[in-house]
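See structure below.
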Amino acid sequence: MVRGRISRLSVRDVRFPTSLGGHGADAMHTDPDYSAAYVVIETDAEDGIKGCGITFTLGKGTEVVVCAVNALAHHVLNKDLKDIVGDFRGFYRQLTSDGQLRWDPGYSTEMKEESVKKHQYPDGEVWKKLLPAQEN
């Protein structure tokens with residue numbers, strides 16, 4: 001049985017100054033700073049289970065991903081794990097149908113997908129650990 005709630009969500013902007021030495025540069029990306037938005041979702045489950053997710057960018061794009069993850073956090077925090085497991089589709093729709101973000105032309109489809117993945121995929125790791133293996 002799945003027990004617990006999502007108790008904490010943190011997101012970090014991690015950067016590597018690769019542009020200083022031109023590492024990873026090409027004709028289109030002349031000054032990339034390899035970067036990532038790193039998300040950790042924690043639960044209040046007895047075993048302290050948590051899930052992690054990462055999105056790579058070439059620098060300032062990480063700021064946008066971090067903002068998007070934070071903008072969706074209220075859909076995730078304090079959510080009962082049993083409710084999410086019982087209706088993954090509904091959870092996904094909740095993340096992708098936020099009325100304040102859905103129509104914002106500055107909130108691109110790609111950025112939305114990346115921020116949703118950071119909420120959904122770490123949870124996938126949580127579910128793998130919490131749910132018993134299903135028999136065929």
Side-chain angles (χ1 to χ4, degrees):
M1 171 158 256
V2 178
R3 293 205 172 132
R5 292 174 110 39
I6 296 175
S7 58
R8 185 167 185 254
L9 182 147
S10 61
V11 59
R12 293 205 159 154
D13 181 336
V14 182
R15 308 244 182 141
F16 303 93
T18 53
S19 63
L20 297 177
H23 306 295
D26 60 26
M28 291 294 295
H29 307 97
T30 57
D31 62 347
D33 280 330
Y34 284 16
S35 307
Y38 183 73
V39 176
V40 178
I41 293 178
E42 298 179 36
T43 70
D44 64 2
E46 290 178 14
D47 59 0
I49 197 165
K50 50 174 107 165
C52 304
I54 193 164
T55 296
F56 292 102
T57 74
L58 293 177
K60 293 182 181 178
T62 302
E63 295 170 20
V64 178
V65 175
V66 168
C67 286
V69 168
N70 285 326
L72 292 170
H74 70 279
H75 292 294
V76 177
L77 289 171
N78 300 311
K79 189 86 167 168
D80 193 298
L81 300 177
K82 186 172 70 175
D83 293 341
I84 296 172
V85 170
D87 186 14
F88 274 118
R89 185 168 119 189
F91 179 60
Y92 176 81
R93 285 187 174 169
Q94 185 179 11
L95 289 172
T96 58
S97 299
D98 185 302
Q100 296 288 317
L101 298 172
R102 184 179 49 203
W103 302 111
D104 182 356
Y107 188 57
S108 73
T109 301
E110 182 178 331
M111 202 53 60
K112 188 175 195 175
E113 288 173 4
E114 289 303 318
S115 61
V116 167
K117 285 177 191 175
K118 294 312 127 225
H119 288 87
Q120 193 176 25
Y121 293 153
D123 294 345
E125 292 301 313
V126 170
W127 312 142
K128 287 178 197 173
K129 296 172 186 172
L130 289 175
L131 298 175
Q134 295 182 356
E135 295 180 22
N136 294 331

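Between H75 and D98 the shortest heavy-atom distance is NE2-OD2, 2.7 Å. Across every non-hydrogen atom of S7 and D44, the tightest pair is OG-N, 3.7 Å. Considering all non-hydrogen atoms of both residues, I49 and T43 come closest at O-OG1, 2.8 Å. Here the closest heavy-atom approach between residue R15 and residue G59 is recorded as CZ-O, 3.7 Å. In terms of heavy atoms, D80 sits closest to R5 at CB-NH1, 3.1 Å. Taking both residues in full, the closest heavy atoms of T57 and G61 are given as CG2-C, 3.8 Å, listed atom of the first, atom of the second, then distance.
To the nearest 0.5 Å, atoms CD (Q94) and CG (D83) are separated by 10.0 Å. Note that CG of L72 is 11.0 Å distant from CG of L77, once rounded to the nearest 0.5 Å.
When V40, I41, N70 are each tested for a side chain to side chain contact (heavy atoms under 4.5 Å, CB included) with S10, only one passes: V40.
No donor-acceptor pair under 3.5 Å is formed between the side chain of T62 and the backbone N or O of D13. With hydrogens and angles ignored, the 3.5 Å screen pairs no side-chain donor or acceptor of S19 with any backbone N or O of D33.
In this structure, F91 and K79 have side chains that are in contact, with non-hydrogen atoms separated by less than 4.5 Å. By the 4.5 Å heavy-atom criterion applied to side chains, V11 and V65 are not counted as neighbours. Side-chain contact between Y34 and L58 is present, with at least one heavy-atom pair separated by less than 4.5 Å. Side-chain contact between I6 and I84: present, with at least one pair of heavy atoms (C-beta onward) separated by less than 4.5 Å.
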